[in-house]
Structures are given as structure tokens and as C-alpha cells.
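Some notes on the structure that comes next.
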There are 2 protein chains.
Amino acid sequence: MARLPIYLRALTVLVERGIGTCSSEDLATATGVNSAKLRKDLSYLGSYGTRGVGYDVDYLRYQIAREIGVTQDWPVVIVGIGNLGNALANYSGFRSRGFRVVALLDAAPERHDEAVAGLEVRPFDDLEEIVAAESVSIGVIATPAVAAQDVADRMVAAGVTSILNFAPTVLSVPEGVDVRKVDLSIELQILAYHEQRKAAPDADLGHATDQEVIA
Amino acid sequence: MARLPIYLRALTVLVERGIGTCSSEDLATATGVNSAKLRKDLSYLGSYGTRGVGYDVDYLRYQIAREIGVTQDWPVVIVGIGNLGNALANYSGFRSRGFRVVALLDAAPERHDEAVAGLEVRPFDDLEEIVAAESVSIGVIATPAVAAQDVADRMVAAGVTSILNFAPTVLSVPEGVDVRKVDLSIELQILAYHEQRKAAPDADLGHATDQEVIA
DNA sequence: AGGAGTTTGTGAACGGAAGAACAAAACGAG
DNA sequence: CTCGTTTTGTTCTTCCGTTCACAAACTCCT
């Protein structure tokens with residue numbers, strides 16, 4: 001389930017506040033979901049609550065972390081150290097949430113040997129060697145769109161089976177490889193869409209006239 | 001619909017290639033969706049295709065752009081010019097897809113007057129003035145998690161009605177304000193979840209034993 | 001010990017999205 | 001002009017996720 005990481009984060013906050021127990025209602029309001037949905041999500045993992053009491057925060061947090069698979073660290077490579085790649089390399093949230101950036105790769109020679117976030121930027125051709133040496137199964141693509149498919153192909157060939165893609169392209173990968181896409185423009189466009197609807201509730205009138213022009 | 005921007009991008013590629021007409025099947029494979037679903041999405045906008053022929057690429061592209069609301073530019077403010085804010089400010093994709101970054105704000109005085117992507121970083125307290133002057137309705141939050149809710153409150157009070165939030169927090173906003181969240185760690189955790197399932201198909205055995213420990 | 005008050009876990013109803021399938025419409029060939 | 005081919009627009013069915021509602025279970029107070 002895609003909501004497990006959200007619960008995990010909320011539980012971590014509760015742990016830091018020293019709260020030992022919480023009800024499904026508490027967690028639901030903290031994460032912005034329906035409490036029945038939350039209970040059903042959790043019950044899918046097993047029966048970790050106590051009726052009349054709630055959930056043990058620490059224990060539930062560990063169970064969710066184990067279910068997601070972030071009880072141990074996952075090695076990650078980042079390809080494309082431009083503005084975005086730089087930001088990702090410096091993002092401390094990865095480290096604290098079960099991921100370890102083991103290498104930064106870039107095709108441009110002028111970036112090589114530069115130090116970013118305490119790591120040296122290495123040639124893209126080192127990909128296969130690094131993936132094999134560190135048993136990397138997760139790759140992050142932060143290159144321009146034109147390079148993304150090539151990078152993905154090389155990653156898959158090297159043994160990467162999960163890809164987080166920031167390039168604005170649809171990647172095609174073989175069966176068994178997972179791809180998740182983060183597209184900043186698309187997020188803004190979705191907001192613009194709703195924004196437009198707020199501004200002009202009856203904006204549909206434009207359609208008919210435009211249709212007539214064509215017809 | 002959240003898929004409209006994807007279609008828009010694919011159509012832009014087709015325009016650049018000089019392709020004048022395409023079928024729903026073409027667009028579907030290019031965007032990775034089912035062709036029936038695509039046709040249903042498009043028919044929701046109006047009847048813009050020709051049976052036996054397909055869709056006029058240029059015309060359809062314009063119609064989708066108009067539906068999304070990106071035929072004219074939307075002014076956007078970015079708050080929090082750290083690593084990520086920097087990358088966002090420099091991202092050229094916003095400009096070419098209907099968005100114009102009008103201001104960069106940061107609470108830290110040592111960042112003020114610094115030039116980022118051709119814009120001066122200004123104090124966060126200038127928010128209200130800028131939002132009013134430029135009629136900004138979309139704000140981007142790239143601050144640390146602890147500051148995000150305060151920034152959101154100020155944005156909403158100033159008149160912003162759509163927020164793109166990169167901080168790993170659940171924002172609470174009044175009715176009528178849209179929030180979209182981009183959380184990098186969550187994306188990686190979802191990949192890790194699937195990755196774990198690939199590695200150990202019967203990892204569920206662990207549950208029962210752990211339950212016994214508690215019980 | 002028993003009853004009142006909570007809270008979980010889940011069965012059942014609901015809604016909406018996704019895919020299959022087909023009729024209507026346009027084009028081109030003969 | 002008619003027939004066959006292509007492709008859209010739409011209907012119908014299926015399925016999945018969400019929500020409601022309630023019984024089971026646990027705690028606390030008397």
C-alpha cells in the first residue's frame with residue numbers, strides 16, 4: 001500500500017514526542033485519512049492493535065518499517081548530477097529513512113571528481129561496476145529527458161530493478177522492473193487545472209463556440 | 001483528470017516531430033495507458049477526433065492545454081531556497097509549460113539578495129506584497145518540515161489557493177485550497193516495498209513469530 | 001465481579017474507475 | 001455509388017478501493 005510510508009512518518013513523530021499509544025482515530029487525523037481505511041490498512045499487516053486501547057506506537061512503527069522493508073538500508077545510485085541531482089544527493093531525508101546514496105554518476109566529464117554531498121561524482125560508465133559491487137537494486141534518474149531512456153536501459157541491464165524517474169519521459173522497461181515517476185511540471189499543471197476551475201465555474205462555454213469554428 | 005498533462009506532453013513531442021495526425025492507439029502506447037481509457041478521457045473534453053482518421057495533433061494539443069489552463073502563464077512563488085528550492089528555481093521545465101516563477105522567498109537573512117536563477121532571494125515577509133502585486137495563486141513550499149505549516153498558513157492568508165508541498169508533512173488548509181504533496185522519501189519507500197517482495201516472495205512467515213513474542 | 005465506555009477488526013453496501021466490446025461515422029478503392 | 005476498412009465515441013460489465021456500521025474485545029470504575 002502507498003499509504004504505509006505516511007503512517008510510518010506520523011508514527012515516528014509520535015515516538016519523538018514520547019507518545020506510547022495511539023488510537024486509529026489519532027493516526028487518521030494526523031495523516032489525513034479515514035480511520036476505517038487506516039484500520040483496514042493496518043489489519044492487512046496483521047492484528048497489531050488492542051481493542052479498547054489502540055496501537056502501541058513503537059511496536060506498530062517497527063512492524064510498518066519491516067513491512068515496507070526499511071529496517072535495513074537500501075543502497076541507491078543517482079544518475080544526473082545537475083540542479084536536481086545535486087539537491088537529491090544533499091537531501092538528508094533519504095539517509096534517515098532507510099536509504100544510502102552510494103554513488104553519484106554523470107555523463108559530463110567536467111563534473112567528474114567534483115565533490116557533492118561528500119561523494120565524488122563518477123563517470124556514468126562506472127554504473128555496472130558500482131551496481132555489482134554494492135548490490136544496488138534502486139536507481140534514481142535525474143537527467144534531461146532525452147538521456148533518461150538510455151540510462152534506464154543501462155540500469156536494468158546492470159541489475160537495477162526499481163527506478164525513480166525525475167525526467168519528464170515515459171520510460172519503457174521490461175517486466176519485473178518497477179518505475180515510479182515524479183514530474184514537477186505535471187504536479188503544477190494539475191494545480192493549474194483546479195485553479196482555473198475555481199476562477200471560472202462555467203468555463204465550459206468556450207468549448208461550444210470553439211467547436212463551431214472547426215465544424 | 002490527472003492524465004491530461006501526460007497527453008499534453010506526448011502531443012508536444014509529436015508536434016515537434018512534425019506529425020499532424022495520430023490515433024488513440026498511437027497516443028496510448030506513447031503515454032503508456034489503455035487506448036479505451038484515453039479515448040474516454042478525451043471525449044470528456046468534447047468530440048475532437050475524426051472517426052476513421054484519428055486526432056489532429058495540433059488542435060488536440062491546444063484543446064488539452066486550454067482545458068488544463070496553461071494557455072497563459074501562471075505566476076508562482078517558491079518559498080525555501082535550500083538545495084531543493086534552488087533546483088526548482090533553475091528548472092526550465094516550469095517556464096516552458098505555462099508557469100512563471102515571480103519570486104523566491106526565504107526566511108534566512110543570509111540568503112537574501114543572493115541571485116538564484118536570475119532572481120533575487122527576498123525575505124519571507126514580502127510574501128503578502130508579492131502575492132497581491134502579481135496576483136499569485138500558486139505557491140511552492142520547499143522548506144524544512146517544521147516550517148511548512150506556518151508557510152502554508154501565511155500563503156493561504158495572503159490569497160494563495162493552490163500549494164505544491166515538498167516538505168514531508170501533512171498540511172492542513174481550509175476548504176477551497178488545493179494541496180499536492182511530493183515526498184521523495186515516500187517514493188523510494190514504495191519502491192523498497194516492492195523490491196523487498198521481489199527478493200523474498202514468502203516474507204510473511206516473519207509475522208507470526210513476531211506476534212508470538214508480543215503475545 | 002459486573003457494567004459502562006472505548007476502540008479494534010471486519011462484513012456489507014456503495015461508488016467510481018478500468019477494460020471489453022460494439023455501433024456510428026469517416027475515408028478510399030473499385 | 002457502394003462496399004470494406006479504420007477509428008472514434010459510448011455502453012455495459014467487472015472489479016477494486018472506500019466508507020459505513022456493528023460485533024468482539026479490552027479497560028476502568030464502582
Side-chain angles (χ1 to χ4, degrees), chain A residues 1-7 10-11 14 19-64 67 170 190 193-194 204 207-208 210-212 214-215, chain B residues 1-7 10-11 14 19-64 67 170 186 190 193-194 197 204 207-208 210-212 214-215:
Chain A
M1 290 282 185
R3 284 183 296 270
L4 255 32
I6 303 178
Y7 304 152
L11 287 167
L14 293 180
I19 297 173
T21 291
C22 73
S23 69
S24 64
E25 199 63 42
D26 296 339
L27 244 188
T29 54
T31 54
V33 305
N34 181 290
S35 67
K37 178 158 56 170
L38 186 141
R39 284 200 300 277
K40 195 162 279 189
D41 287 346
L42 295 186
S43 75
Y44 171 73
L45 310 187
S47 201
Y48 293 142
T50 310
R51 300 178 188 218
V53 178
Y55 299 92
D56 181 285
V57 173
D58 228 6
Y59 180 61
L60 181 60
R61 193 177 80 96
Y62 173 73
Q63 291 301 334
I64 292 181
E67 180 74 14
V170 178
I190 293 171
Y193 173 81
H194 294 300
D204 289 312
H207 290 325
D210 269 5
Q211 253 176 329
E212 287 164 14
I214 289 299
Chain B
M1 290 282 181
R3 285 184 295 270
L4 255 31
I6 304 177
Y7 304 153
L11 286 167
L14 292 179
I19 296 172
T21 292
C22 74
S23 69
S24 64
E25 198 63 43
D26 297 339
L27 245 189
T29 55
T31 55
V33 304
N34 181 288
S35 66
K37 178 159 55 168
L38 187 142
R39 286 200 298 278
K40 195 170 288 184
D41 287 346
L42 296 186
S43 76
Y44 171 74
L45 311 186
S47 200
Y48 293 142
T50 310
R51 299 179 188 218
V53 178
Y55 298 91
D56 182 285
V57 173
D58 228 6
Y59 180 60
L60 181 61
R61 192 177 81 97
Y62 173 73
Q63 291 301 335
I64 292 181
E67 179 75 13
V170 177
I186 286 184
I190 293 172
Y193 173 80
H194 293 301
R197 291 304 167 100
D204 289 312
H207 290 325
D210 270 6
Q211 249 174 333
E212 287 165 13
I214 289 299

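Here is the naming used below: chain letters follow the sequence lines, and residue numbers restart at 1 for every chain.
When each of Thr31(A), Thr29(A), Ile6(A), Asp26(A) is checked for a side chain to side chain contact (heavy atoms under 4.5 Å, CB included) with Leu38(A), only Thr31(A) meets the rule.
Distance CG (Leu27(B)) to P (dT8(D)): 9 Å, rounded to an integer number of Å. Whole-Å rounding puts the Asp26(B) CG to dT6(D) P distance at 14 Å. Going from atom CD of Glu25(B) over to atom P of dG19(C) covers 13 Å, rounded to whole Å. Protein atom CG of Asp41(B) is 16 Å distant from nucleotide atom P of dG16(C), rounded to whole Å. In this structure, Arg39(B) places its CZ atom 10 Å from C1' of dT10(D), rounding to the nearest Å. Spacing between atom CG of Leu42(B) and atom P of dT7(D) amounts to 15 Å, rounded to whole angstrom units. Atom NZ of Lys37(A) is separated from atom P of dC16(D) by 17 Å (rounded to the nearest Å).
Summary of the strand contacts: Gly52(A) and Ser43(A) both lie near DNA chain C, and taking for each the nucleotide with the nearest heavy atom, the more 5' one is attributed to Gly52(A). Closest-nucleotide positions on DNA chain D for Thr50(B) and Asn34(A) were compared, and the one nearer the 5' end corresponds to Thr50(B).
With rounding to the nearest 0.5 Å, the separation of CG in Leu27(B) from CG in Leu11(B) is 4.5 Å. To the nearest 0.5 Å, atom CD1 of residue Ile19(B) and atom CG of residue Asp56(B) are 12.5 Å apart.
When all heavy atoms of Tyr48(B) and Tyr55(B) are compared, the closest pair comes out as O-CD2, 3.7 Å.
Closest contact between the side chain of Ser47(A) and the listed nucleotides dG9(C), dA20(C), dT10(C) involves dG9(C). With distances taken from any side-chain atom of Ser23(B) to the nucleotides dT8(D), dG9(C), dT27(D), the minimum falls on dT8(D). Of the candidates dC20(D), dT8(C), dA18(C), dC20(D) carries the atom nearest the Ala36(A) side chain, counting heavy atoms from C-beta on. Closest to the side chain of Arg3(A), out of dC20(D), dT18(D), dC12(D), is dT18(D). Comparing atom distances between the Arg51(A) side chain and each of dA23(D), dT18(D), dA20(C) picks out dA23(D) as nearest. Between dA18(C), dT19(D), dG9(D), one nucleotide has an atom nearer to the side chain of Lys40(B) than all others, and that is dA18(C).
Ion pair Glu25(B)/Arg39(B) not flagged as a salt bridge, since none of the NZ, NE, NH1 or NH2 atoms sits closer than 4.0 Å to an Asp/Glu carboxylate oxygen.
At the phosphate of dG9(D), OP1 or OP2 sits under 4.0 Å from a side-chain N or O atom of Tyr55(B).
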